[in-house]
Amino acid sequence: MNRRKFLTTTSLAAAAAPLVLTNFKLFGADAPSNKLNLALIGSWGRGEAHFGSLATENVVALCDVNEDHLAFGLKKFPNAKTYVDWRKLLDDHKQLGLDGIVICTADHTHAFISNWALNRDLHVYCEKPLAISVEEARTVRANWLKRKAKLATQVGMQRHAIQNFNRVRELIRDGSIGELSAAYAWGNRQVKPADATYDQAKGIVTFKGADGTLKTAGYLPEAGAPPKGLHYDLWLGPSHAHPYNPGYFKGGPGANCLSWNMFWDFGAGQIGDMGSHTMDLLWNAVDAKLPTAIEAQGDPFNEAITPIKCESHFEHPANDWRGPIRIGWYQGGAMPSSPKSYVDLTKIGHGAMFKGTKGFVVADFDTRIILPVGNDADMTYYKPRPKTEILPPINGFQKEWFDACKNPSLKTACDFEYSGNMIEQMLLGLVAYRVGKKLDYDGAAGRVKNSPEANALLSRQYREGWTLNG
């Protein structure tokens, strides 16, 4: 019996006769009526990271394009109905009594599954990134904003629950470095295809042929047939068709994304990888929405592979507590300038820095430092907020979403508006990189004002039969 039917049945029974309870949890936190009926789409790898939290609710369905991964999920949730096609699962949402879904699939399907689920009035938890094109981010965000009063969403930037995120926000908002003027985030990961070599000086990724010659790396060549049980065409989903190659699946649990997310058709490279986590540290503190101008530079363009080394810069207008700011994103070896020669930012693999009129805050995920700069940066102007006013912790990132599913008036930290704005900004950086010029952006309309070529890159082409708004 699903949750909705249970509630109806018990209500009718209560009206007909008094209810006698003996040692039975009906109305407590663990009561069946309080548990969500959820589907896990992607039952291996990142999906496994959700097993513990999902076990506190009802997992009624599992979906994975790999039947071995389905079998893996069934060991934890033996009563779940199984699917290899997420579209069929969502078509069955009423039959399953679904309340919501958790998406742990390849990045190029995130926006599709999220949007289809919202169209069926389902709560959605989606692993990062929410989208791999600007149009996808805008579509999913707009769809949720129409339904936010009744549906809970969360993007899996789980590091947001680290309390240092709140402490950094408090330092910036409370004026520890004066008036904020700029912010920078960076990540040093260099993601490239399996067996490829990266020439950092030239910015070129190459494969070595059997004869020892080097050729520019691209999508992997055909290499046999998919193993039995892997529905490769469903894995490709809406993206262009590419022949099967086991190199797309070489990573172990939790790391398989590093085999394919650098390809334009399957991911957004580093901004969809650790970039989503690291920019979140900055984004949480600056209260930005969409940029008005974007420029970027990086490795020479590769038609198949997103750049390894790249930097993007975004101009944001003033809001109600700060003036205009410039935000920078650096990846793969590109770095912002250090505020002082004795501060080695390269020692921080993934970090953020905030520049104010009286100094800097430098942070990683777990720690932060204040660096006062200038004769008047005596810190007397800074009054830390009392302990009673510090921002409360997130007591479980997945649990926060569960609670909001049960009471959508509760806010989640990384909902589809917050996360949609952030990933739209980052994806605009890739557009500016490809066009090679500074872009003027109308965030309300979702259009670049000075480059038709850039507007053509805001969306991506899908295979016949696949629609984003299904």
Self-check item: Stepwise side chain to side chain contact (heavy atoms under 4.5 Å, CB included) test for Val60 and Leu38
Solution: CA-CA 6 Å; Val60 298; Leu38 300 175; over 6 Å; no
Self-check item: Steps toward side chain to side chain donor-acceptor pair (under 3.5 Å) verdict (Ser239, Arg460)
Solution: CA-CA 9 Å; Ser239 293; Arg460 62 191 187 106; 3.2 Å; yes
Practice problem: Please assess Lys250 against Asp195 for the test salt bridge (Lys or Arg N to Asp or Glu O under 4.0 Å), listing each intermediate value before the final yes or no. | Solution: CA-CA 11 Å; Lys250 293 188 74 169; Asp195 304 320; 3.5 Å; yes
Self-check item: Test side chain to side chain contact (heavy atoms under 4.5 Å, CB included) applied to Arg173 and Asp287, step by step
Solution: CA-CA 10 Å; Arg173 288 298 304 268; Asp287 290 338; 3.1 Å; yes
Self-check item: Verdict with reasoning, Tyr232 to Tyr248, per ring-ring contact (aromatic ring centres under 6.0 Å, His included)
Solution: CA-CA 11 Å; Tyr232 180 66; Tyr248 291 131; 7.0 Å; no
Exercise. Using the side chain to side chain contact (heavy atoms under 4.5 Å, CB included) rule, take Thr467 and Trp116 through it: C-alpha gap first, then chi angles, then the decisive distance, then the call.
Key: CA-CA 9 Å; Thr467 175; Trp116 281 49; 4.1 Å; yes
Exercise. Apply salt bridge (Lys or Arg N to Asp or Glu O under 4.0 Å) to Asp273 and Lys128, showing your working.
Key: CA-CA 8 Å; Asp273 182 47; Lys128 53 80 185 165; 3.8 Å; yes
Quiz prompt | Test side chain to side chain contact (heavy atoms under 4.5 Å, CB included) applied to Tyr83 and Asp92, step by step | solution = CA-CA 10 Å; Tyr83 297 82; Asp92 289 351; 2.8 Å; yes
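In this structure the side chain of Pro129 never reaches within 4.5 angstrom of the side chain of Ile271, judged on heavy atoms. In this structure the side chain of His110 reaches within 4.5 angstrom of the side chain of Asp107, judged on heavy atoms. Pro193 has its side chain within reach of Phe207: a pair of non-hydrogen atoms, C-beta onward, lies under 4.5 Å apart. Side-chain contact between Ser43 and Phe72 is absent, with no heavy atoms from C-beta onward closer than 4.5 Å. Looking at heavy atoms from C-beta onward, Ile390 lies in side-chain contact with Arg167 at the 4.5 angstrom threshold. With a 4.5 Å cut-off on side-chain heavy atoms, Asn37 and Leu96 do not count as touching. Counting heavy atoms from C-beta outward, Asn245 and Pro221 have side chains that approach closer than 4.5 Å. Looking at heavy atoms from C-beta onward, Asn115 lies out of side-chain contact with Trp144 at the 4.5 angstrom threshold.
Between Lys228 and Asp68, none of the side-chain N atoms (NZ, or NE/NH1/NH2) sits under 4.0 Å from a carboxylate O, so this pair counts as no salt bridge. Using a 4.0 Å cut-off between a side-chain N of Lys or Arg and a carboxylate O of Asp or Glu, Arg141 and Glu417 do not qualify as a salt bridge. Ion pairing of Lys406 with Glu57 is present here, as a side-chain N (NZ or NE/NH1/NH2) and a carboxylate O approach within less than 4.0 Å. A salt bridge is defined here as a Lys NZ or Arg NE, NH1 or NH2 lying under 4.0 Å from an Asp or Glu carboxylate O, and Arg87 with Asp91 fails to meet this definition.
There is a side-chain donor-acceptor pair under 3.5 Å between Tyr418 and Asp280. No side-chain donor from either of Glu222 and His242 sits under 3.5 Å from a side-chain acceptor of the other. No side-chain N or O of Gln154 forms a donor-acceptor pair with one of His160 less than 3.5 Å apart. Side-chain polar atoms of Tyr441 and Glu424 form a donor-acceptor pair below 3.5 angstrom.
At least one donor-acceptor pair under 3.5 Å links the side chain of Lys35 to the backbone N or O of Thr56. For His350 (side chain) and Met279 (main-chain N/O), no donor-acceptor pair under 3.5 Å exists by modelled atom type. Using a distance-only test at 3.5 Å, with no hydrogens or angles considered, a donor-acceptor pair links the side chain of Trp401 to the main chain of Ala152. Between the Asn188 side chain and the Gly333 main chain, no donor and acceptor come within less than 3.5 Å of each other. Thr213 places no side-chain N or O within donor-acceptor distance of the main-chain N or O of Gly209, the cut-off being under 3.5 Å. Within the 3.5 Å criterion, the main-chain N or O of Gly237 finds a donor-acceptor partner in the side chain of Arg463. A donor-acceptor contact shorter than 3.5 Å is absent between the side chain of Thr153 and the backbone of Asp415. Between the side chain of Trp186 and the main chain of Ile348, a donor-acceptor pair closer than 3.5 Å is present. Checking side-chain atoms of His69 against main-chain N and O of Asn66 turns up no donor-acceptor pair under 3.5 Å. In this structure a side-chain-to-backbone donor-acceptor pair under 3.5 Å is present from Gln331 to Ile308.
Contact between Cys63 and Val84 at its shortest, heavy atoms only, is SG-C, 3.8 Å. Contact detail for Asn302 and Ile305: the closest heavy-atom pair is OD1-N, 3.0 Å. Looking at every heavy atom in both residues, Glu127 comes nearest to Gly156 through OE1-O, 3.4 Å. Taking both residues in full, the closest heavy atoms of Glu136 and Ala111 are given as CB-CB, 3.7 Å, listed atom of the first, atom of the second, then distance. Between Pro238 and Phe112, the shortest heavy-atom contact is CB-CZ, 3.4 Å. Pairing each heavy atom of Leu391 with each of Glu170, the nearest pair is N-OE2, 2.7 Å.
A cation-pi arrangement is present between Arg434 and Trp264, with the terminal nitrogen or guanidinium carbon under 6.0 Å from the aromatic centre and inside a 45° cone about the axis. Taking the centre and axis of the six-membered ring of Trp283, the NZ or CZ atom of Arg169 falls outside the cone set by 45° and 6.0 Å. The cationic atom of Arg159 (NZ for Lys, CZ for Arg) lies less than 6.0 Å from the six-membered ring centre of Phe365 and within 45° of the ring axis.
Aromatic ring centroids of Trp235 and Phe249 lie under 6.0 Å apart. Checked against a 6.0 Å centroid threshold, the rings of Tyr125 and Phe402 do not count as neighbours. In this structure, the ring of His313 has its center less than 6.0 angstrom from the ring center of Tyr330.
To the nearest 0.5 Å, atoms CG (Leu89) and CZ (Arg120) are separated by 10.5 Å. If you take CG on Leu74 and CG on Asp64, they are separated by 10.5 Å, rounding to the nearest 0.5 Å. Annotation: the span from Ile294 atom CD1 to Leu430 atom CG amounts to 11.5 Å, rounded to 0.5 Å. For the atom pair NZ of Lys148 and NZ of Lys146, the computed distance is 14.5 Å after rounding to the nearest 0.5 Å. Put simply, SG on Cys310 and CH2 on Trp329 are 10.0 Å apart, with the number rounded to the nearest 0.5 Å. Distance CG/Leu118 to OG1/Thr139: 11.0 Å, rounded to 0.5 Å.
Tested against Leu234 for a side-chain contact (heavy atoms from CB on, under 4.5 Å), the candidates Thr105, Val65, Thr109 yield a single pass: Val65.
Heavy atoms from other residues, nucleotides or ligands lying under 6.0 Å from NZ of Lys411 number more than 12.
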